[in-house]
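All chains are named by letter (A, B, ...) in the order of the sequence lines, taking the proteins before the strands, and each is independently numbered beginning at 1.
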Amino acid sequence: MRLTLTTWNINSVRLRIELVADFLQSVQPDVLCLQETKCPDDAFPLKRLKQLGYEHVALNGQKGYHGVAIVSKLPFDATDIRVFCDKLDSRHISVAFGAKAGLAAPLIVHDFYVPAGGDIPDPEANPKFAHKLSFLDEMKSCEPLHPRGDARHILVGDLNVAPHENDVWSHKQMLKIVSHTPIECEKLLAVQSEGNWIDVARERIPLSEKIYTWWSYRAADWAASNRGRRLDHIWVSSALKDAVSDYQVLRDARGWERPSDHVPVTVVLDV
DNA sequence: ATGGTGGCATGGCCA
C-alpha cells in the first residue's frame with residue numbers, strides 16, 4: 001500500500017482552511033500532520049475536512065497558541081498525546097495505523113511542534129531558549145521515540161531547528177540565530193541518532209544542497225532574498241528506510257495568497 | 001545595526 005503523508009505548519013488552521021482544502025484536493029495525501037493550528041479542539045474545522053474525505057482527525061489544540069492535529073483518510077487504531085517539560089502546551093500528538101487502516105503491521109506517526117525558543121540564544125538569559133533545549137533533551141530520552149528492530153515509525157513536524165549548514169541560507173550569519181545555534185543543532189541530531197531515525201530529506205538530497213521549508217514574513221521579497229531555513233522535518237525509523245519513494249517540498253505554497261510562513265513537506269512510502 | 005510581518009487572548013505576546 002502506498003501512503004502519502006504531509007507535514008505543514010499552517011499558522012492558524014481556521015484562517016487558512018481554504019488553503020488546506022486546496023492543498024488536499026490537489027496533492028491528496030492520506031495523512032496531513034499540522035502544527036500551529038492555534039485552535040481549541042471544539043473550534044477545529046472538522047466539517048470542511050470531512051467534505052474533502054478526511055474523516056479521521058486527532059486533535060491536541062489550545063486557544064491562540066501552538067496546537068497540533070493529524071488529519072487522515074485512513075482510520076486510526078489509537079491516538080496518544082505526550083506532555084514535555086511538564087507544560088500543558090499542545091506540542092505533540094501521535095496516532096497508530098493498523099488493522100483498521102488495512103495494514104498488516106502497525107505504523108506509528110508522531111507529530112511535533114518544538115518550541116521556537118525566542119530570540120536570545122542563551123538559556124540563562126532566555127527561559128524560552130532553555131525550554132527549547134530541555135524539550136529536545138526530553139525527546140532524546142523519550143522511550144516511545146526509540147523505534148527498535150522492525151518497528152515502523154514516522155516522526156514529523158516543525159522541529160524549529162535547521163541542523164545542517166545547508167539547512168539555512170547562510171551558515172555563518174546564522175550561527176548565533178536561534179534555530180541554527182550549535183547547541184540546538186547538536187541536540188536535535190542527538191534526538192535523531194538516539195532513536196536511529198533517518199532524516200528523509202538528507203537521505204535523498206545531499207548535504208551540499210540547500211533545502212528550505214520556511215521563509216520569514218519579514219522579508220520584503222521572500223522569493224528574491226530566499227533567506228530560508230529547513231525547520232520542518234520528516235524522519236522514519238530504519239525499518240522504513242527503503243520504503244520511501246518520494247520527498248517533496250512545496251515551495252510554491254509560500255507564494256500563495258495569505259500564506260503560512262512554512263510550506264507543506266510530503267513523503268511517499270510503501271507500507 | 002536595526003527592524004522588518006503576521007496571528008490571536010486585539011494588546012502584548014508569540015512566532
Side-chain angles (χ1 to χ4, degrees), chain A residues 7-23 33-45 48 59-69 83-85 87-93 111-123 125-136 156-163 167-170 172-181 184-185 187-188 212-233 251-265:
Chain A
T7 180
W8 193 7
N9 177 320
I10 194 62
N11 187 17
S12 174
V13 68
R14 281 179 291 179
L15 190 68
R16 284 184 242 288
I17 186 61
E18 287 311 310
L19 288 190
V20 172
D22 290 348
F23 174 80
C33 297
L34 295 170
Q35 306 86 35
E36 277 206 274
T37 53
K38 297 186 172 177
C39 178
D41 292 349
D42 60 12
F44 198 89
R48 187 76 182 92
L59 295 174
N60 181 13
Q62 69 184 81
K63 192 156 80 171
Y65 298 107
H66 322 312
V68 289
V83 169
F84 289 80
C85 304
K87 278 176 111 85
L88 292 176
D89 288 358
S90 296
R91 297 187 178 277
H92 168 267
I93 192 161
D111 181 10
F112 273 98
Y113 177 51
V114 171
D119 289 332
I120 303 161
D122 173 2
N126 173 11
K128 287 188 232 164
F129 194 63
H131 177 216
K132 183 180 200 173
L133 298 182
S134 304
F135 194 102
L136 292 169
V156 305
D158 176 4
L159 305 185
N160 264 316
V161 180
D167 292 339
V168 294
W169 65 279
S170 167
K172 271 193 183 168
Q173 286 176 256
M174 290 283 302
L175 276 168
K176 292 180 177 172
I177 304 295
V178 170
S179 73
H180 192 63
T181 64
E184 61 194 303
C185 293
K187 284 186 185 292
L188 186 75
Y212 311 138
T213 64
W214 172 93
W215 292 261
S216 172
Y217 283 127
R218 298 180 193 181
D221 183 338
W222 72 273
S225 58
N226 199 27
R227 296 185 169 190
R229 306 177 195 173
R230 185 171 71 102
L231 302 179
D232 304 278
H233 298 267
R251 187 181 195 269
D252 284 359
R254 186 61 179 80
W256 292 348
E257 210 174 315
R258 286 199 95 180
S260 169
D261 43 356
H262 298 251
V263 300
V265 182

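- Taking the side chain as every heavy atom from C-beta outward, A/Phe129 and A/Asp119 never approach each other to under 4.5 Å.
- Here, B/dA9 and B/dC14 have their P atoms 15 Å apart, quoted to the whole Å.
- Judged as a salt bridge (charged side-chain N to carboxylate O under 4.0 Å, His left out), the pairs with a partner in residues 218-231 of chain A (not counting sequence neighbours) are, in order, A/Asp167-A/Arg230, A/Asp199-A/Arg230.
- With rounding to whole Å, A/Ile120 atom CD1 is found 12 Å from B/dC14 atom P.
- For residues 125-136 of chain A, proximity to DNA chain B is found at A/Lys128, defined as any non-hydrogen atom under 4.0 angstrom from a strand atom.
- Residues passing the side chain to side chain contact (heavy atoms under 4.5 Å, CB included) test with A/Ala220, sequence neighbours excluded: none.
- Separation of atoms NE2 (A/His233) and CG (A/Leu159) is listed at 5.0 Å; rounding is to 0.5 Å.
- Rounding to the nearest 0.5 angstrom, the gap separating the CG atom in A/Leu15 from the SG atom in A/Cys39 is 11.5 Å.
- Taking the six-membered ring where tryptophan is involved, the planes of A/Trp8 and A/Trp256 are perpendicular, since the angle between them exceeds 60° and thus also 30°.
- Here CG of A/Asp22 is found 13.0 Å from CZ of A/Arg16. Values are rounded to the nearest 0.5 Å.
- Summarising the geometry, the separation between CG on A/Asn160 and P on B/dC14 is reported as 14 Å, rounded to the nearest angstrom.
- Listed by residue number, there are no residues of residues 221-233 of chain A with a heavy-atom contact under 4.0 Å to DNA chain B.
- From A/Ile177, atom CD1 reaches atom OG of A/Ser170 across 10.0 Å, with rounding to the nearest 0.5 Å.
- Rounded to an integer number of Å, the gap from CD1 of A/Ile10 to P of B/dA15 is 18 Å.
- In this structure, A/Glu36 CD and A/Asn9 CG are separated by 4.5 Å, a value rounded to the nearest 0.5 Å.
- The structure places CZ of A/Arg48 at 4.0 Å from CD of A/Glu18, a figure rounded to the nearest 0.5 Å.
- Comparing the C1' positions of B/dG6 and B/dT10 gives an interatomic distance of 13 Å, to the nearest angstrom.
- Distance noted for atom C1' between B/dG11 and B/dA15: 16 Å (whole Å).
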Where along nucleotides 3-12 of chain B does protein come under 4.0 Å, by heavy atom, of base (B) or sugar-phosphate alone (S), with - for untouched nucleotides?
-BBSSSB---
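- A/Asp89 meets the salt bridge (Lys or Arg N to Asp or Glu O under 4.0 Å) test with A/Arg91; sequence neighbours excluded.
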